[in-house]
*Asks:* 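Handing you a structure now.
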Number of protein chains: 2
Amino acid sequence: MGFGNVSERRSAPPQVGVSVVILALGPRGADDTGTASNAAHSQLWMPLVKRVRQPFMGSWALPGGHLRADRSLEQSAFEALESTTALHPRYLEQLYTFGDPNRSHGGLPMVSIVYWALVEQSEAVDFEDGDNVRWFPEHDLPQLAFDHRAIIDYALERLRSKIEYSDVATRLLGPTFTLRQLHDVYEAIAGQSIDLANFRRKMLASGDLEDTGEKRREGRQRPAAVYRYVPKEQVNDTVQRAGIPGSPSSYAGDHAVASLDPRHNAAHDDALAPLTPSAQR
Amino acid sequence: MGFGNVSERRSAPPQVGVSVVILALGPRGADDTGTASNAAHSQLWMPLVKRVRQPFMGSWALPGGHLRADRSLEQSAFEALESTTALHPRYLEQLYTFGDPNRSHGGLPMVSIVYWALVEQSEAVDFEDGDNVRWFPEHDLPQLAFDHRAIIDYALERLRSKIEYSDVATRLLGPTFTLRQLHDVYEAIAGQSIDLANFRRKMLASGDLEDTGEKRREGRQRPAAVYRYVPKEQVNDTVQRAGIPGSPSSYAGDHAVASLDPRHNAAHDDALAPLTPSAQR
DNA sequence: GCAAAAGTGTTCACGATACACCCATGG
DNA sequence: CCATGGGTGTATCGTGAACACTTTTGC
C-alpha cells in the first residue's frame, strides 16, 4: 500500500479512525494522589490506554479503533470502546471530528471521529487497571498522546454544558438514584457546590423524575426517596432519520440515550442510533 | 483500486469526504414561488449543486469535496465551498460527521464530514444561479440526494439554537448593521415575530454592540443607528489548540469567526481555525 | 401635520438564589 | 435525646415578555 511520491501523498485522503472519551463518576472523595484538587466533591475518571507503537509509544491515549464500511460511526465507536475497555456505556454521543494535519506530530495524518461516553459508576466501581488500560481522575491526567488532552477538555466542556438541559447526569448513575446522588453528580461535574434545597426543587419541578416509592439509605441516617428518570411527554413528529443527531434512541437493551437540542451546539448533539429510535425534545 | 471480495470490502474503511451547508439571508419578503410559507419575514436560502453522477444523478445535493491529508478539515471544507460556489463565508463551523452505512442508498459507503457556513446577504444578493448550482429557499427545497435533507435540517437546528448565545446572526449581515436588520435576521431564523422593543434592549444590554455613530436609512423614514459587533473582553487563558473547537479565529482577512460553548451541543461547537486564533467566551 | 419607523418607560410574572426551618431516623 | 441528613417554606432579586408611549424623520 505504498504511495508514489510526496505530492501524491499530500493530495491523498488521510487515514480515519474512531476514538472515545469515556467518563465515569469516581469514588466518593477519592482523590488518589493528594493533589491540590478540592477533595470535597467526587471527581470524573476516565480510562486511558497505553500506546504500544510510534508515535507517542508509551504515552497514554484515548481508546480507539478503526472504521468499517459496514458499521455506523456509532457502532464503530461502541466496538472500539468495548474491545479496549469491556465497558457498557449508558450514553454515547459524537463529540467532534479532528483532522488537523499536524496533530499526529510526525505520524501519518490522521482524522479521528471522536465520541464521548458515560458509564455508570458501578461499571467501573473498582476502577481496576488492566495491563494497558488504566483509570485516571480528571484532575490528575498523565501526559497524553496527540491532541488527546485538548479532546478530553472539550468533552468535559460538552458534558458541563449539556448537563443543564439534558439528562446526561443520570447516565453516570444507575437506573434509579436518590436526589443526593444526583446532586453529587452535578457538583462533581460543575466542580462547585450547589444549594441542595433549590437543586431538589428544580429537579422535581422539571417533571422528569418519577418517585419509585422505594427508599434508600446512603449514609447512616434517614433513608432518601429513590427516583427514576422518565422524560416527559415526547411531543415529537415521527420524522425519523437514521444516524441523524437529535434523534435519541434506546441502547443496549433498556438504557435509553438522551438526545438534546443542538444549542450551543448546542449545540452539537446527537445520541445513540443502533436500536429502536424514539425521539425526544 | 478494486477490493478483493465482499468481506474485505466490509471491514475496509469507508470513503471520506466533506460537505457544506451554506446559508444566507434571502431577499426581503421574497418568497419565490407563492408557497404557503409566511411571507412576512425573510427566509434563509442555500446553494445546492446538481449531481452529475450516480447515485442520485440529477438530484440536488450539498456542495462537497475531498479531504486532503495536508489540509485541515476546515480548509478542506473551505475549498469545497469556494470551488463549487465561489462564495466567501463569514462563518464556518463543523456540524457533524455522518457515516451510516446505508446513507448512500446503493452507492459505496461514505463518511461525510459536514460543515456549515454563513455568508452575508450581499455576497449572494442576486442569488444568481450557475449551470449546476442554484439557490433555494429554506421552505421550498427540492428533492435531495442521500440524507442531505436531514443534514440541512440539523444545520438549521444548530443555527437556531446557536443564535441565542453567540454572534452568528451578525454573520448573515455585513460588518455593520442597524438593529432592525439584526431583528430581521432573528425573525427569519426563528420563523416568528419578536418584540422589537425588547429585542433592542436585550441586544444593547449584551454589551457586544458598538454604536458606530453612523446613521442608515433602510425604509424611507427616520434613519437608524448603525452598530458593529464587538465581543466584550476576551477573558481567556492563552491555551490555544489548533483545530480544537471552542477556539474561534479570524478568517479570510478581517472576518472574525465566532466560537461558542458547546451547550447544546452545545453542542457541538467550534469555529474557524486557519488563521490567528483568539479565544472568546 | 401625518404616517412610519426609531427609540424609551412601565408593569407583571416567573424562576433562581439565599437561607431559615421542620421532620425522620439510627445510635 | 441528639446528631445527621432528608425535606419544606419563604423573602428577595433579576430577567424576560407585553405593551403603551414619545421622538424623529420624509413627504
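All chains are named by letter (A, B, ...) in the order of the sequence lines, taking the proteins before the strands, and each is independently numbered beginning at 1.
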*Asks:* Does the separation of the ring centres of B:Phe177 and B:Tyr227 fall below 6.0 angstrom?
*Replies:* no
*Asks:* Could you report the tightest heavy-atom contact between B:Gly174 and B:Glu120, atom names first, then the distance?
*Replies:* CA-OE2, 3.3 Å
*Asks:* Can you name the nearest heavy-atom pair linking A:His183 to A:Asp195, along with the distance?
*Replies:* NE2-C, 4.3 Å
*Asks:* Without decimals, in angstroms, what is the distance between A:Met203 CE and D:dG6 C1'?
*Replies:* 17 Å
*Asks:* Rounded off to whole Å, could you give me the CZ-to-P distance for the A:Arg216 and D:dG7 pair?
*Replies:* 12 Å
*Asks:* Report, as a single string ordered 5' to 3', how protein heavy atoms within less than 4.0 Å touch nucleotides 18-27 of chain D: B base, S sugar-phosphate only, - not at all.
*Replies:* BB---BBBS-
*Asks:* What is the distance, rounded to the nearest whole Å, between atom CZ of B:Phe199 and atom P of D:dT15?
*Replies:* 18 Å
*Asks:* Of A:Asn198, A:Asp208, A:Leu182, which meets side-chain contact (heavy atoms from CB on, under 4.5 Å) against A:Met203?
*Replies:* A:Leu182
*Asks:* Are B:Tyr91 and B:Trp116 an aromatic pair by the rule of ring centers under 6.0 Å?
*Replies:* yes
*Asks:* Should the pair A:Arg149-A:Glu138 be classified as a salt bridge under the 4.0 Å nitrogen-to-oxygen rule?
*Replies:* no
*Asks:* Please report the distance, rounded to the nearest Å, between NE2 in A:His183 and C1' in D:dG6.
*Replies:* 13 Å
*Asks:* In whole Å, what is the span from the CG atom of A:Leu204 to the C1' atom of D:dG7?
*Replies:* 10 Å
*Asks:* Minimum heavy-atom separation for A:Gln43 and A:His139, please, with both atom names.
*Replies:* OE1-N, 2.7 Å
*Asks:* Could you tell me if B:Arg216 and B:Thr176 have a donor-acceptor pair between their side chains, going purely by distance under 3.5 Å?
*Replies:* yes
*Asks:* How many Å lie between CD on A:Gln181 and P on D:dG6, as a whole number?
*Replies:* 10 Å
*Asks:* With a strict under 4.0 Å distance from non-hydrogen atoms of chain A, what nucleotide opens and what nucleotide closes the contacted stretch of DNA chain C, reading 5' to 3'?
*Replies:* C:dT17 to C:dG26
